[in-house]
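Structure, as structure tokens:
Since we're looking at a predicted model, the values are computed, not measured. We count ligands from 1, going down the list as the structure has it; atoms in each ligand are counted the same way.
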Amino acid sequence: MTDIASPVVDEKPCFGANPEIFKLGLGRQHTLCHEIGQGSRCRNESDCRCEGLDLHFWRKMCKNCGCRMDEHDVVLPNEFDHAQIVIGRLLVARDHFEKVMPKPGMLRRSEDEDIERRSREKPTAVYNFKMNGGVKGNDKENVQYAWAPLPDKDLVSRYMKCLPEEERPVMGSIGEQNRKSRLQYQLPLYDCNVEDARFVEQKDVKTLQSFVENVKNNVIGVGKVVEIGKNQENGDSFEKSMTNAMRGLKIGETECKDCCKKMENGDIGVECSHHSNIQDTYHPNCFRCETCKQLLVDNIYFFYKNKYYCGRHYADQLYPRCAGCDELIFANEYTFAEEKSWHFDHFACYKCDFKLGGSRYMTRDENPFCLECYLKYYAKTCGSCQQKIGPDEKRLNYNETHWHAEEKCFHCVQCSQNLIGKKFMFKNHKLLCSSQCKAAYNSANPNNQV
Ligand SMILES: [Zn+2]
Ligand SMILES: [Zn+2]
Ligand SMILES: [Zn+2]
Ligand SMILES: [Zn+2]
Ligand SMILES: [Zn+2]
Ligand SMILES: [Zn+2]
Ligand SMILES: [Zn+2]
Ligand SMILES: [Zn+2]
């Protein structure tokens, strides 16, 4: 057996305590009712063994399998559709929303036009929409859609064909599941309602309220499903030609704002004219969040700086989001650790929820752990003394074996000399300094030779 060089002693501290976490305030405790979805099947079945969703008391995460709540097949009680809740809350102020002030230099629409627009742009979505027998020459289409953009079977049928199959919200299909997941991911209910935001402190409630007000009035909207070229003769034509002129297109031509391909008359498109007179048109499958690139669920968009986002990624640009509970943080002071933001109380041990503010912690798989849990679950055992190697202790390893980087643990079993920084042999779990010591050890221990 050849000599091997002593491995490098790893002296760097495993972690640093963030200075901010000493500024802790203790928030109030919250009692929650979170029966919704309890026991739901996890959809990552192949990778995880989940006995059913068991929601952590503030993490939006399953205690059984560690997957997110929206990765479970959460069935809301019948009267709930997540999207209806959002539309109800955020689009009730539709009238107000339509009175968005024109930007300087833009043409001001007359009051009459405003009224006309308002009457045209009410949300038109329908839920649990049955297609049976409705479409001419297509009697096979006996499906029901959990959501459809408008109650027009022909348009709905053509619209759905523009989407990949797994995104069509056909009841009982993977598409319906995907829509549910996208709803929960893109439109966190706690972003848009004071009652649902459990961890907003009293002093910050006003900030949340004005955030929600602004979303209602200036930000949220629903893309309109249209047949390209169909409404050329009416009020759209002025806006269309404005848009076209700005993009160097001829009158009557339409281009998808995302992929820039020309859209033909008769194609199905999604239109939004959120920002004053400019009208944007997208292929149905191109109408996606600028950040996460997911298809905007139910065509609900959040408009910000000339781009369309899902609710989550709109909000993320204005406020930090707690990596623990997933809610927005409106407080001025919060913890920033591991390149993420956390409510003070939510920077806590991933195993035991011990609040880590002001304490030292370890990180594993991007989750923080208190030292005790880290030791219990992840710390290495010393090959000599069989004790756990604490995160503060210098350590060294050779292949799969770890030691305390101290003479008492890393020495020759025969002559006891310190082997740190020296050549050594490691055989049969024994450390030796030289072949002389090896021979001496073997003759002294005939029944336990190395
Ligand atoms: Zn689970
Ligand atoms: Zn799971
Ligand atoms: Zn496109
Ligand atoms: Zn997004
Ligand atoms: Zn939090
Ligand atoms: Zn812990
Ligand atoms: Zn040891
Ligand atoms: Zn020796």
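- Under the side-chain hydrogen bond (donor to acceptor under 3.5 Å, both in side chains) test applied with Asn178, the options Arg43, Glu166, Gln294 reduce to a single match, Arg43.
- Classification of Glu372 and Lys351 as a salt-bridged pair fails, no side-chain N sitting under 4.0 Å from a carboxylate O.
- With sequence neighbours excluded, no residue forms a salt bridge (Lys or Arg N to Asp or Glu O under 4.0 Å) with Lys206.
- Just one residue in the list Asp191, Asn218, Leu187, Leu296 forms a side chain to side chain contact (heavy atoms under 4.5 Å, CB included) with Phe302, and that residue is Leu187.
- Classification of Glu213 and Lys216 as a salt-bridged pair holds, one side-chain N sitting under 4.0 Å from a carboxylate O.
- Only protein N, O or S atoms were scored, and 4 of them lie under 2.8 Å from the Zn ion (ligand 3).
- No donor-acceptor pair under 3.5 Å is formed between the side chain of Asn399 and the backbone N or O of Thr401.
- Arg179 and Asp298 are joined by a salt bridge, as a carboxylate oxygen and a charged side-chain nitrogen come within less than 4.0 angstrom of each other.
- Counting only protein atoms, the N, O or S atoms lying less than 2.8 Å from the Zn ion (ligand 5) are Cys322 SG, Cys325 SG, His343 ND1, His346 ND1, ordered by chain and residue number.
- Distances from the Zn ion (ligand 6) under 2.8 Å pick out these protein N/O/S atoms: Cys349 SG, Cys352 SG, Cys370 SG, Cys373 SG.
- A donor-acceptor pair under 3.5 Å links the side-chain atoms of Trp342 to the main chain of Ala337, judged by distance alone.
- Using a cutoff of 4.0 Å between basic side-chain nitrogens and carboxylate oxygens, Lys257 and Asp280 are scored as salt-bridged.
- Counting non-hydrogen atoms of other residues, nucleotides and ligands closer than 6.0 Å to CD of Glu366 gives a total of 12 or fewer.
- Ion pairing between a basic and an acidic side chain is recognised when a charged N comes within 4.0 Å of a carboxylate O; Asp392 and Arg360 show such pairing.
- Judged by the 6.0 Å and 45° rule, Arg198 forms no cation-pi pair with Tyr190.
- In this structure a side-chain-to-backbone donor-acceptor pair under 3.5 Å is present from Asn64 to Gly52.
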